[in-house]
Protein chains: 2
Amino acid sequence: MKSLFYYNWQVRDEWFKALETVPDTELWRERNGGLGSFLKTMLHLIDVEYSWVRAVNNETDIPIQMDEYKDLKSVKELSDRLRMELRVFIEQWQDEMEYEQVTSSWGGETFYKSEIMRHVIVHEVHHVGQLSIWAKEIGIPVVSANFIDRDLMKPSTVR
Amino acid sequence: MKSLFYYNWQVRDEWFKALETVPDTELWRERNGGLGSFLKTMLHLIDVEYSWVRAVNNETDIPIQMDEYKDLKSVKELSDRLRMELRVFIEQWQDEMEYEQVTSSWGGETFYKSEIMRHVIVHEVHHVGQLSIWAKEIGIPVVSANFIDRDLMKPSTVR
């Protein structure tokens, strides 16, 4: 579980790096499908991950004020800042927590923690697949989606 | 781990269903990014999953003869047929297998089984994100990428 979060974080940071070469006007431009622009997608990934992981941790939602983030740099800073908080939680994740139940503070629905964690993981991978289509459209290199060759599995440290 | 394979299989079958309304000429049409067409993507997902899971199971690769599959129906039949074989293996997956090592029969590189399994999972989710962009382009409904609300976590049966 942890390793898939670390995978998403590595890939997200590589996308932030790849997008540095692109003007902000292009990053905000409306595109077909998904969230509609590179930066809206990045903000959405950060927001969804933060809300759901807080729910798993029995904490109330703190919605992101989307209009405060005007450029790639500020979105990356937000990602870095919230990740510091999330990392503390993810690092102490234990398989025994999988079937504990939680109720989201916004929808009131009850889930297994394991369901939410997997939901967050596939949510990001799915949207990153969309970024790769738009990257081809504007002619920038596509970040690898490979899990192998990232040194993500370290025995007895993560799963 | 198992639940993420079951997730991919559910989502893949929903895409097969959604694509039934689309003429085969549209499904083969070259599109921007990814594998370039709906059916090439579906064949690629089936091929990559089958090859890697066989590698995890210490079996040699049996490449798919791509040009034998001319339409959605035959690609779906291939997916169903190979899944019967894969399901037997996935169902008996145990967490203790994660750090066993295997060498792929085609590249000769050695991996942890856990790395390969996660690679296969994110590979499919990534490409399905691309399908969702193309689906919007041709005006068909997009299959949900949600992991929640699919009843995928059943305590003491899967993880």
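Below, chains carry the letters A, B, ... as their sequence lines are ordered, and counting in each starts from 1. Reckoned from all heavy atoms, side chains included, excluding hydrogens, waters and symmetry mates. Predicted model, so just to flag it, every value in this text is computed and none were measured.
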For this session: Tell me, please, which residues at least two apart from A:Lys73 pass side chain to side chain donor-acceptor pair (under 3.5 Å).
Result: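 Expected list: A:Glu77.
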Problem set entry | chain A-proximal positions within residues 142-149 of chain B [heavy-atom distance under 4.5 Å] |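 Residues of residues 142-149 of chain B touching chain A at under 4.5 Å: B:Ala145, B:Asn146, B:Phe147, B:Ile148, B:Asp149.
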Problem set entry | Per-residue contacts, residues 123-139 of chain B versus chain A, heavy atoms under 4.5 Å |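 So far as heavy atoms go, B:Val125, B:His126, B:Val128, B:Gly129, B:Gln130, B:Ser132, B:Ile133, B:Trp134, B:Lys136, B:Glu137 are the residues that approach chain A to under 4.5 Å.
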Exercise. Could you state the interatomic distance from CD1 (A:Ile121) to CD1 (B:Ile121), rounded to the nearest 0.5 Å?
Worked result: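 The CD1 atom of B:Ile121 is 9.0 Å from CD1 of A:Ile121, to the nearest 0.5 Å.
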Problem set entry | Atom pair CE/NZ of B:Met153 and A:Lys113 - distance to nearest 0.5 Å |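 Going from the CE atom of B:Met153 to the NZ atom of A:Lys113 covers 13.5 Å.
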Exercise. Do the non-hydrogen side-chain atoms of B:Leu4 and A:Leu4 ever get within less than 4.5 Å of each other?
Worked result: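 Side-chain contact under 4.5 Å: yes.
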Exercise. Counting a contact as any heavy-atom pair under 4.5 Å apart, which residues of residues 21-60 of chain A contact chain B?
Worked result: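 So the qualifying residues are A:Asn32, A:Gly33, A:Gly34, A:Trp52.
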